[in-house]
Amino acid sequence: MKKLSVLFLSFAALVFTGCSEDDEKSSGSSNSVSFANPSLYIAEGSSQVQLLFSKAVKGGGTITLNYTTTNVAYGTDFTTIPGAEGNAIEIPFEAGATEVTFTFNKLLPAGDGETKNVKFSITDVSVNAAITGNSSIQVNLNEAPSLGAAIAAEVGGANQPNQVYVDLTSGMMRMAERVSWDLGFYSGDQFRVALNSSLRMSAKQLNTTDINAVVAPDESMLIGQGNGDASQIDHPAGDISQTAIAEVSDNDADNKVYLINLGNGPSASTPSSGTEGSSAGPHRGWKKIRILKSGSDYKLQYADINATTHQEVILSKNNAYNFVFFSFTANSTVQVEPQANQWDINFTTFTNVIEMPGAAIPYYYPDFIVTNTKGGARSYMVLTEDFTYDNFTLANVDDSKFTNDQRNIGSNWRSTSVMGPGGIPVSQFVLKTDRFFIVKDPMGNIYKLRMTGGASESGERGFPKFQYALLQ
């Protein structure tokens, strides 16, 4: 079962209208209130359940909730803070509040095959606030797919320093700094090593097995917008058999030394509005590596390119994850992704390719979304000329369109220029509203997902938002 080992998603508030108990009631200017999420899964322990006002209330008051249960009992399977009287809970709020929370305590686990949940509904608000949007929430004690949410993925603004892994099923996300890792050691049935494509890394095989030989840097390996060699990056579709580093051989003599270009991290300064600085940091340098097998484990040898000695580490596969990640900075393995079946999409920057006549050329993309195809997730795009988002149902899903290409969402949700005076393109973030996406998670749950934003009000890139809903 999935654990709450990741951060709660930052839910984007629904759009409401709002005021204080006396003033609002007398003025007729009403506020609105809603649950932030229509469903929530509680793996263990305690969790906060959030309700949102459209804007700050002018006076204090209470929200009254009623609840119904399925195969659970208050005081035995769960409790709440504030406590319940009968089947009702009163949650106080103070003047100025824009959100209200209460605590849900899970006391007993749900057994395999059991359905246990509590449905809370807003029945009254002591100020003049309309009950709109998510008027109820289902709290699942057994593992159940989220019904949907509105989410802001916190990639960190225009420099996009974070990768954000989202699990649609549980409604959770995990953030990892892009510079926190360099190599990913595949835990599947092949011995493959992936590069951190979010940093514009590349790898070149050398004609030697001597890790202690001094190596010169190779500027031709640097990845730019149309610069570099596509054979020196991992294939961007995500096929693990097409990594830049060859599959590790049983025969040590076949495992050559590789020169590694560590790429570029985010800028230390904020770029001008409408632009981004996700790869504007200084070059991160070079390493040389050699990878061998050690039984069922990997043996990584690595050093600075001018070193005549090297370091060595054994890395064991962990079948619960797609990869075991290694950082040259930390000189150790690091935690990056959630478990393989516990995330669906990743907001990141990405080294892709563009097809030119006769060749594929590396091209770097900020504002990119990767689908977890290695963990079993799939996705495809739908144009609104064929179906509207609101009217798309489970019956409209076309299974033949789910593919193994992890770029099916990719950069297809946005563009970065508009036509300016004289037909000259001008840099500007543009959200594409004529499309949405279908995502099947590793458990087989199917969601529709549409992007609702990607820039701040001032035009700064790196503020992606989306909403999704379970198809059932």
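- Between Arg284 and Asp182, at least one side-chain nitrogen of the basic residue sits less than 4.0 Å from a carboxylate oxygen of the acidic one, meeting the salt-bridge criterion.
- Aromatic ring orientation, Phe347 versus Phe466: parallel (interplanar angle below 30°, classes split at 30° and 60°).
- In this structure, the side chains of Val166 and Trp343 stay at 4.5 Å or more apart for every pair of heavy atoms.
- With a 4.5 Å cut-off on side-chain heavy atoms, Tyr447 and Ile345 do not count as touching.
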Which side-chain N or O atoms in residues 350-362 pair as donor and acceptor under 3.5 Å with protein atoms at least two apart or in another chain?
residue : atom : partner : partner atom : Å
Thr351  : OG1  : Ser197  : O            : 2.6
Asn352  : OD1  : Arg407  : NH1          : 3.0

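- Comment: Asp399 engages Lys440 in a salt bridge, judged by a side-chain N to carboxylate O separation of less than 4.0 angstrom.
- In summary, the aromatic rings of Tyr302 and Phe328 are positioned with their centroids under 6.0 Å apart.
- Using a 3.5 Å distance cut-off with no hydrogens or angles, the side chains of Thr403 and Asp405 do not pair a donor with an acceptor.
- No more than 12 heavy-atom neighbours from other residues, nucleotides or ligands sit within 6.0 angstrom of CD on Glu177.
- Scanning all heavy atoms of the two residues, the minimum distance from Gln50 to Thr101 falls at CA-CG2, 4.0 Å.
- Ser294 and Asp297 share no side-chain donor-acceptor pair at under 3.5 Å.
- The cationic group of Lys448 does not satisfy the cation-pi geometry with Phe436, failing either the under 6.0 Å distance to the six-membered ring centre or the 45° limit from the ring axis.
- Figure legend: cation-pi geometry between Lys374 and Phe323 absent, as NZ or CZ is not positioned both under 6.0 Å from the six-membered ring centre and within 45° of its axis.
- The environment of Lys293 atom NZ is dense: over 12 non-hydrogen atoms of other residues, nucleotides or ligands sit within 6.0 angstrom.
- One finds a salt bridge joining Arg461 and Asp367 here, because a Lys/Arg side-chain nitrogen approaches an Asp/Glu carboxylate oxygen to under 4.0 Å.
- Here the options are Thr371, Thr373, Asn404, Asn408, the test is side chain to side chain donor-acceptor pair (under 3.5 Å), and the partner is Arg378; only Asn404 passes.
- Here the side chains of Ile260 and Trp286 are not in contact, with every heavy-atom distance at 4.5 Å or above.
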